[in-house]
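Note sheet for the following structure.
Side chains included, hydrogens not; waters and symmetry mates left out as well; all remaining heavy atoms used. Letters A, B, ... are given to chains in the order of the sequence lines, protein chains preceding strands, and every chain is numbered from 1.
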There are 4 protein chains.
Amino acid sequence: MGKREETEKQILNAAVQIISEKGYNATKTSEIAILADISEAIIFKYYKTKKGLLTAIVNKAIEVLGRELAYKPIQRILTSSADKSLDEVFDMIIEDRIQLILKNHALLKVMLTEVQYHTDLRDLVLDQVVNPIFKDFRVFMKVQRDLGLIDPELDDEIILRMIASGLFSSVLKRVIMNQPFDEVEIKREMLQVKRILMKGIMLNS
Amino acid sequence: MGKREETEKQILNAAVQIISEKGYNATKTSEIAILADISEAIIFKYYKTKKGLLTAIVNKAIEVLGRELAYKPIQRILTSSADKSLDEVFDMIIEDRIQLILKNHALLKVMLTEVQYHTDLRDLVLDQVVNPIFKDFRVFMKVQRDLGLIDPELDDEIILRMIASGLFSSVLKRVIMNQPFDEVEIKREMLQVKRILMKGIMLNS
Amino acid sequence: MGKREETEKQILNAAVQIISEKGYNATKTSEIAILADISEAIIFKYYKTKKGLLTAIVNKAIEVLGRELAYKPIQRILTSSADKSLDEVFDMIIEDRIQLILKNHALLKVMLTEVQYHTDLRDLVLDQVVNPIFKDFRVFMKVQRDLGLIDPELDDEIILRMIASGLFSSVLKRVIMNQPFDEVEIKREMLQVKRILMKGIMLNS
Amino acid sequence: MGKREETEKQILNAAVQIISEKGYNATKTSEIAILADISEAIIFKYYKTKKGLLTAIVNKAIEVLGRELAYKPIQRILTSSADKSLDEVFDMIIEDRIQLILKNHALLKVMLTEVQYHTDLRDLVLDQVVNPIFKDFRVFMKVQRDLGLIDPELDDEIILRMIASGLFSSVLKRVIMNQPFDEVEIKREMLQVKRILMKGIMLNS
DNA sequence: TATGAATGAGCGTTCATTCAT
DNA sequence: AATGAATGAACGCTCATTCAT
């Protein structure tokens with residue numbers, strides 16, 4: 001790895017850690033520099049402004065989400081063939097992706113929190129993350145609905161929102177309450193969430 | 001109403017509005033003063049510090065929640081008699097409380113957002129809001145479980161968290177996306193959420 | 001005088017003094033604050049930015065020039081009646097205005113120096129000072145030319161520029177060389193300049 | 001030309017161009033490096049400090065003035081023989097030297113402007129440029145005065161200053177106003193200036 | 001030699017807070 | 001009680017300068 005890339009990585013890691021704990025506005029660039037063990041000045045050499053640093057963080061979060069976490073692998077399931085069931089989608093997320101979510105929870109927290117206050121970042125995330133996932137999800141749901149598996153009274157948007165907020169609530173609670181991330185416990189909770197949602201969303205067989 | 005109370009109300013309203021939009025740290029006391037149409041100095045006469053103002057806001061949110069929104073009325077249902085069903089709890093929240101939630105959504109957003117970064121406020125909210133509700137909810141669920149109505153594989157905490165995050169997700173989405181609050185539409189969404197949760201949580205009859 | 005006006009005057013005086021000595025860019029707002037015996041912060045309360053302070057200085061220079069130094073009194077002579085001669089114009093400037101020029105030489109130096117590097121200020125000075133004087137001067141010269149007093153080979157612009165640069169050169173030299181301003185000596189030099197210009201500009205009688 | 005000399009020339013040209021436009025303090029070494037198409041670091045290899053670069057510029061200006069523009073050729077006229085008239089001095093400057101002045105006006109502007117704020121540079125210019133010219137000019141004037149050609153009421157210094165400021169005013173105006181340099185027009189103006197000064201300085205014949 | 005990377009010192013600016021009236 | 005005036009402390013950011021390769 002080049003020297004510059006190494007330094008940028010240090011900066012980004014330090015920034016994500018502190019911003020996720022204190023919020024963007026309460027985080028001073030001097031703190032980031034100290035934690036990253038570099039001089040404050042190169043932060044501005046590389047990212048121009050503090051806001052530029054935040055944008056880089058959100059872009060990295062988008063990239064990670066796209067590459068490693070949700071989008072591409074889930075997309076494969078969602079779009080591949082019709083015989084994938086909602087059950088498999090849940091399992092895929094819960095079994096395969098928890099570790100990645102946990103490893104990047106600070107990054108994701110920063111993205112989700114700051115998106116509230118920065119219109120440009122919100123549009124970026126909507127465009128790069130939310131809308132693509134939603135689009136594939138609709139295609140997938142069309143198949144499931146045609147198979148008669150889904151409660152027809154429910155909108156796609158509500159279903160997706162319930163899945164997302166349900167699965168995330170375990171992580172979110174620990175982030176807000178500043179509690180440790182016990183992978184076994186989180187998986188146990190997510191399986192209960194899955195149980196609720198499967199029964200709630202699918203038609204009674 | 002006394003002049004002081006009148007002024008305090010103006011300050012609090014202005015503060016809630018701006019902080020809910022920009023976050024606590026990004027909100028300047030000078031902005032609040034301008035919007036409240038008072039001099040910056042009396043903010044500090046009344047609340048000593050900016051943090052004191054935030055504490056007053058959170059206390060007001062707790063009070064509103066306790067008095068008008070969730071706690072006391074729901075408490076009545078939850079604790080009154082055993083023949084109240086989960087169905088009624090949902091309806092009560094959805095039918096009676098939406099307007100109050102909508103009217104106070106900025107206040108609630110400030111509380112929920114800032115609780116992340118201020119330990120003292122977090123403890124206050126846990127102590128005054130979350131734990132009391134949770135305590136009553138456990139009593140209520142004990143009854144429901146004894147009646148054989150609840151899926152025994154699900155923990156109380158998961159169920160409560162799903163209800164809360166599910167019902168709030170409609171409001172939250174609009175807050176984050178800066179969309180208008182259409183009461184009819186929100187009620188429609190909440191009824192779908194109720195449908196999912198009822199089926200998901202209760203035992204198949 | 002109000003308290004605010006008093007403070008603004010202190011700031012402006014200090015700023016003019018230091019900027020005239022070191023130039024705008026080399027002058028630190030902290031220095032100005034120390035010399036003015038006020039806190040750095042109110043400079044920005046009153047003038048928003050350092051550039052805003054410079055603009056205030058130039059505006060003050062324009063005002064002083066208009067009110068006290070050149071424009072209005074000279075305008076009176078230039079436009080009043082045709083029987084004012086070039087000789088009287090010179091005398092008026094030399095006799096009556098030297099003290100005012102000397103008293104405000106730092107202010108004028110700042111204006112003339114910084115106008116080079118700030119397009120907005122340049123346009124302001126052209127619009128408020130140079131063009132009005134030039135306009136009146138043309139009217140005056142028309143009369144003098146019609147009386148057959150002026151060398152017809154010379155353009156108005158060249159004549160005015162020679163008068164201005166000639167009369168100012170005594171002051172300018174002392175400013176650049178950081179020499180003391182001896183009023184008697186300056187008046188002596190100006191009278192020589194007048195002698196040169198009168199002979200040079202007017203037709204041989 | 002050696003590679004180093006080539007690089008130094010690029011740096012100096014870039015520096016003169018930018019400093020003449022924005023002033024020394026407002027000019028960043030990084031800008032100079034970009035315009036000169038070299039790395040910022042070698043500026044400091046060659047000139048040690050930014051001030052060292054400015055000193056090099058002023059020294060180059062002195063050298064150019066001495067070698068090519070004013071000093072040596074004028075010196076030749078001034079000191080060679082007594083039968084050179086003021087008229088010839090003017091013509092020499094106006095006819096032969098305008099192009100050189102125009103080609104180097106940025107260099108000269110930097111020298112004249114920065115001399116105000118740097119005592120060491122001021123002394124250098126006084127010692128190398130102003131005083132030598134003035135010394136020769138006095139000798140020349142002595143001859144002219146002995147021939148009864150010069151108005152005895154005028155001091156040498158005033159006369160020299162009027163010549164310098166008069167001839168330069170055409171260039172100066174265009175520099176300050178950021179106007180194009182039209183050689184024909186400038187020459188026309190200078191001839192008018194010469195006309196004024198000749199009549200003004202010499203005794204009526 | 002030449003340069004990309006890095007930095008210390010300092011600047012303009014902000015903002016919660018205090019004080020005199 | 002209420003405010004205009006003032007400020008200390010810090011923050012984001014800049015830039016001439018150095019260093020390692």
Side-chain angles (χ1 to χ4, degrees), chain A residues 2-8 10-11 24-33 36-54, chain B residues 2-4 7 24-33 37-54, chain C residues 2-8 10-11 24-33 36-54, chain D residues 2-4 7 24-33 37-54:
Chain A
K3 202 147 185 276
R4 163 148 188 175
E5 280 72 27
E6 181 67 35
T7 304
E8 285 198 56
Q10 282 177 54
I11 295 173
Y24 170 74
N25 267 300
T27 300
K28 291 114 188 56
T29 50
S30 59
E31 295 178 273
I32 297 173
D37 197 31
I38 43 89
S39 86
E40 213 178 335
I42 43 173
I43 296 179
F44 295 94
K45 264 255 154 68
Y46 289 168
Y47 302 102
K48 292 282 183 265
T49 63
K50 191 187 170 192
K51 175 71 186 292
L53 175 58
L54 180 61
Chain B
K3 193 143 189 293
R4 161 137 190 181
T7 305
Y24 170 73
N25 266 300
T27 299
K28 302 168 204 168
T29 50
S30 59
E31 294 177 276
I32 297 173
D37 199 31
I38 43 92
S39 84
E40 212 179 337
I42 56 172
I43 296 180
F44 293 91
K45 262 260 152 48
Y46 288 172
Y47 303 100
K48 285 284 182 258
T49 64
K50 189 187 173 191
K51 177 70 186 291
L53 175 58
L54 180 62
Chain C
K3 202 147 185 275
R4 164 147 187 173
E5 280 72 26
E6 181 67 35
T7 305
E8 285 198 56
Q10 281 177 54
I11 295 172
Y24 170 73
N25 267 300
T27 299
K28 290 117 188 57
T29 50
S30 57
E31 295 178 274
I32 297 173
D37 198 32
I38 43 91
S39 87
E40 213 178 335
I42 42 174
I43 296 179
F44 295 93
K45 263 257 154 68
Y46 289 169
Y47 302 102
K48 294 280 183 269
T49 62
K50 191 188 170 191
K51 175 71 187 290
L53 174 58
L54 180 62
Chain D
K3 194 145 188 291
R4 159 136 193 183
T7 306
Y24 170 74
N25 267 301
T27 299
K28 303 167 204 167
T29 50
S30 58
E31 293 178 276
I32 297 172
D37 198 32
I38 42 93
S39 84
E40 212 178 337
I42 57 174
I43 296 179
F44 294 90
K45 263 259 151 48
Y46 289 173
Y47 303 101
K48 287 283 183 257
T49 64
K50 190 186 173 191
K51 177 69 186 293
L53 175 59
L54 179 62

[X] [atom1] to [N] [atom2]: how many Å, rounded?
X       : N      : atom1 : atom2 : result
A/Ile43 : E/dA6  : CD1   : P     : 12 Å
D/Ile42 : F/dA16 : CD1   : P     : 16 Å
A/Tyr47 : F/dG12 : OH    : P     : 16 Å
A/Ile38 : F/dC19 : CD1   : C1'   : 17 Å
C/Gln10 : F/dA5  : CD    : P     : 14 Å
C/Glu6  : E/dA20 : CD    : C1'   : 17 Å

Exercise. Mapping D/Arg4 and A/Arg4 to their closest nucleotides on DNA chain E, which lands nearer the 5' end?
Worked result: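 Its nucleotide being nearer the 5' end, the pick is D/Arg4.
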
For this session: Go through the steps to decide whether D/Thr49 and D/Leu54 satisfy the test side chain to side chain contact (heavy atoms under 4.5 Å, CB included), and finish with yes or no.
Result: CA-CA 9 Å; D/Thr49 64; D/Leu54 179 62; over 6 Å; no

Seminar exercise, completed: Given protein heavy atoms under 4.0 Å, the one-letter contact record of nucleotides 11-17 of chain E, with B base, S sugar-phosphate only and - none, is simply SSBBBBB

Exercise. Taking a pair as Watson-Crick (N1 to N3 plus N6-O4 or O6-N4) or G-U wobble (N1-O2 and O6-N3), both under 3.5 Å, which stems of 3 or more consecutive pairs involve DNA chain F?
Worked result: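 Only these stems qualify: E:2-21 with F:2-21.
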
Problem set entry | Counterpart residues, salt bridge (Lys or Arg N to Asp or Glu O under 4.0 Å), relative to D/Lys48 (two or more places apart) |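 None.
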
Exercise. What's the closest nucleotide to the D/Ser39 side chain, out of E/dA6, F/dT3, E/dG4?
Worked result: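 Looking only at side-chain atoms, D/Ser39 lies closest to E/dG4.
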
